[in-house]
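Heavy atoms only: backbone and side chains are in, while hydrogens, waters and symmetry mates are out. In what follows, chains are A, B, ... by sequence order, proteins preceding strands, each numbered from 1.
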Amino acid sequence: MIKTQNLSFIYREDNGVAAAGEEAVLKEINLKIEQGSFTAVLGANGSGKSTLAKHFNAILLPSGGKVYVKGMDTSVPENMFPIRQCAGMVFQNPDNQMVAALVEDEVAFAPENLGVEPKEIRRRVDECLAAVDMTKYAQSSPSALSGGQKQRVAIAAALAMDPEILILDEPTAMLDPKGRKEVMRTIKTLNRENGITAVLITHYMDEAAQADRIVVMDNGKIAMDGKPREIFADVEKIKALGLDVPQVTELAHELSRLGIKIRPDILNVDECFAELTRLFGGAAND
Amino acid sequence: MLKDITIGKYVPARSPLHRLDPLVKIIFTAFYIAALFIINKPLPYAVFTAYTLIIMLISGIPVKMILKGARPMLWIFIFTAVFNVFMTTGETLWAFDIFSLSIKITREGVISGAVLTVRLFYLVIGTSLLTLTTSPLDLTDGIEKLLSPLQKIKVPSHEIAMMMTIAIRFIPTLSEETDKIMKAQTARGADFETGNIIRRAKAMLPLLVPLFISAFRRADDLAVAMESRCYSSGGKRTKMKECRFTSFDLRAVIIFAAATAALMTTQYML
Amino acid sequence: MIKTEKLCYSYEQDTPFERRALYDVDLEIRDGSITALIGHTGSGKSTLIQHFNGLLKPTSGKIIIDGDDITAPNADLKRIRRKVGLVFQYPEHQLFEETVYRDIAFGPKNMGLNKDEIDERVRKSAYLTGLDEKYLERSPFDLSGGQKRRAAIAGTLAMDPKVLILDEPTAGLDPKGGKDILSLIERLHTENKDMIIIFVSHSMEDVARIADRVVVMNEGRVETEGTTAQIFSNPNRLRGIGLDVPQVTLLADKLRSAGIGLPDDIYTVESAAREIAVRLGGDTHA
């Protein structure tokens, strides 16, 4: 779906050479995102994860190397619109990405830009609002919505281009726990039921734990890449990268440090509970 | 206070005013303002007030909310009124001396003070009604259509319209932001309320830096978000809701024309 | 000590848009405590804290700080604001001066202190917030996200407040940045035993880590309050009003329901690990 080849990026550059005092934000990144997958990208502030995301829909173009979206080279100008149509993007601040004063007009904005027939726009708007469970609010003003609802509208607005990939750049960073859950549920449903390839950039470990794959960025490079279970099992490395692990994963890590033989790759409360009841059961049988 | 500004806010509703073609509404507003500055007799003012009331009532927006939009302008109204009352020469109604200044209040002063204040007030009400009942995107449409004849002489009408829409769309956001920054600085001992004008203006300076930075950051975010959704200024756009001049608009235009004629009759014939 | 008596507040009072935000809030916050204020968006947390330094005036009811009724008509608001420092959400968005030094000096300058006193305050606050002196002469806009936030907090600390209130101090930071801010709050607490620290948070992990008391707000009222252990010993009550609890609290609750005897004040990874390890025969001295 998305492939990067030795992707490098420098904000101020001259023919691929960094301007004085400038360091590359992305350094020779090779990454492949599979169709239908759900990938979370983690990394401390300044690790380059947002910069990477902006390469996936040709908002930024590589200083060195290539990015291919569905085989289309992002550096070819003619590919810009097909790429953006294919890779929809949702941003952090819900207020700063809204153009329209009515929810349904917001969702219609992208297909209108693409020159889609009015009837087809109407159909897509209705379908996308239903997909994020916001049909009820079609006639509302975005300013009247909660943070989670606004982000769901932003997702619908990207879906209206009929994309195959959804790139979400910290969509939950400014939301409360309830809003975060709404957005996560929406992303997972779209990924599982509608087959949308999802790339989620986040600071929240519990959100990353729900993906099929985690890519950890550090200082412009990929520091770790694997299944959440494998990534979080390495508590020390994750912490050294300025990140965290879910509390129960850390608990398992602590327990094994205290001499308890517990699985190190626990991801959520249910798994931890099952593992501990097994251990307690065993202890009771001794 | 800043949050009270209603210019730039849009309130969705299903009123006849909301349904009207935005181009028609913009033209109506222009006529409304022109008429406001033409009339100068009590009877036309009474008729004009009645018109305004009717429009407010059919707008589907609570009258109190429309009136509240005028509240931040209160000081401008008072200043205009006072300035005119004291500065206009004519038939003396009342004269008195303060220190060595002799102050005269004239009949003409009172009238012109009142007239100007009323005009300003209706100006705010009229423009508020336009933005309250027209979504910014529709407003863009209207402005674009209004400017479209100029496209022949290479005026980028769509870009101008889009620019205006975004500016209007950001007014409420930025006024909220100003409120927030003011509070934060008040909490750090800044004083926006006491002292003379120069002191207060000086206290305002620290507000402007974060406000501008925020405006630029938001603008940048919005630009990226729009580009991500395939917006391009030269692109060929379609509209989900095509604004067509309907029979409803035609009826509105006829009613409006008749009303304007009646108003002008009261001004010039009676 | 901060005390509120039957505090009520309505936005846009006497207009058709009147919205009640606080109902009969009775609270006592003791000197030297770190109190967390938790609750949904719209539960009244932010409205409440703006009352503590007179930015909002109650519709009815009283607020008494150290015996001073700050709601009295003749209350000296300037003095109150010196005593009660308020750090808003995303405070770094309000930085405005050319240098970090001048930004921190804004408060003390408004207080009318002389140059030497201002200098002392600026350096002390920079030290307290862990900002290296070398940053003082830099533009605030050249700092990283976490550093900017610390500079903004330093700006409030420079007023030498007796009460420090922070609205979502870790929001939007990466895990390490967030932890740094929490450590900063803990350090302030140890350096100044009498200071009252109040913080609003959506992160139960943060609350569990540093708060000694918790006030739970729900729909404009105080739902419940108590020590952190008391509040988290009843996770179902919090979940009942749609709030989260730390993962380990949830886990401990599940284990207890399954008949495993655990104390009911487990809310940090460390305490959970210790208690579970003891019962599983681990080496708790490791």
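- Applying the 6.0 Å contact sphere to CZ of B/Phe248 captures more than 12 heavy atoms from other residues, nucleotides or ligands.
- The contact between A/Val125 and chain B is made entirely by side chain atoms (from C-beta outward), counting heavy-atom distances below 4.5 Å.
- Looking at A/Pro111, the atoms closer than 4.5 Å to chain B (heavy atoms on both sides) all sit in the backbone: N, CA, C or O.
- For A/Ala58, no part sits under 4.5 Å from any heavy atom of chain B, backbone or side chain.
- The two residues A/Val99 and B/Leu222 have their closest heavy-atom pair at CG2-CD1, 4.2 Å.
- Every residue was checked against the side chain to side chain donor-acceptor pair (under 3.5 Å) condition with B/Tyr51, not counting sequence neighbours, and none meets it.
- Annotation for B/Phe37: atom CZ counts as buried by contact number, over 12 foreign heavy atoms lying within 6.0 Å.
- Of all the listed residues (A/Ala87, A/Ala144, A/Ala154, A/Ala157), the one sharing the greatest number of non-hydrogen pairs under 4.5 Å with chain B is A/Ala157.
- A/Phe91 touches chain B through its side chain: at least one heavy atom from C-beta onward sits under 4.5 Å away, while N, CA, C and O do not.
- Interface remark: A/Met98 contributes backbone and side-chain atoms alike to the contact with chain B (heavy atom separation under 4.5 Å).
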At a cut-off of 3.5 Å, what donor and acceptor atoms pair up between chain B and chain A?
| from | atom 1 | to | atom 2 | distance (Å) |
| --- | --- | --- | --- | --- |
| B/Arg169 | NE | A/Met98 | O | 3.0 |
| B/Arg169 | NH2 | A/Asp95 | O | 2.6 |
| B/Arg169 | NH2 | A/Met98 | O | 3.0 |
| B/Arg218 | NH1 | A/Asn96 | OD1 | 2.7 |
| B/Asp221 | OD2 | A/Asn96 | ND2 | 3.0 |
| B/Leu222 | N | A/Asn96 | O | 3.4 |
| B/Glu227 | O | A/Arg84 | NH1 | 3.4 |
| B/Ser228 | OG | A/Asn57 | ND2 | 3.2 |
| B/Arg229 | O | A/Asn113 | ND2 | 3.0 |
| B/Arg229 | NH1 | A/Glu106 | O | 3.3 |
| B/Arg229 | NH1 | A/Glu106 | OE2 | 3.0 |
| B/Arg229 | NH2 | A/Gln97 | O | 2.8 |
| B/Arg229 | NH2 | A/Glu106 | OE2 | 2.8 |
| B/Arg237 | NE | A/Asn113 | OD1 | 2.6 |
| B/Arg237 | NH2 | A/Glu112 | OE1 | 3.2 |
| B/Arg237 | NH2 | A/Asn113 | OD1 | 3.1 |
| B/Thr238 | N | A/Glu112 | O | 3.0 |
| B/Thr238 | OG1 | A/Val116 | N | 3.3 |
| B/Thr238 | OG1 | A/Val116 | O | 2.6 |
| B/Met240 | N | A/Glu112 | OE2 | 2.9 |
| B/Lys241 | NZ | A/Glu104 | OE2 | 2.8 |
| B/Lys241 | NZ | A/Asp105 | OD1 | 2.7 |

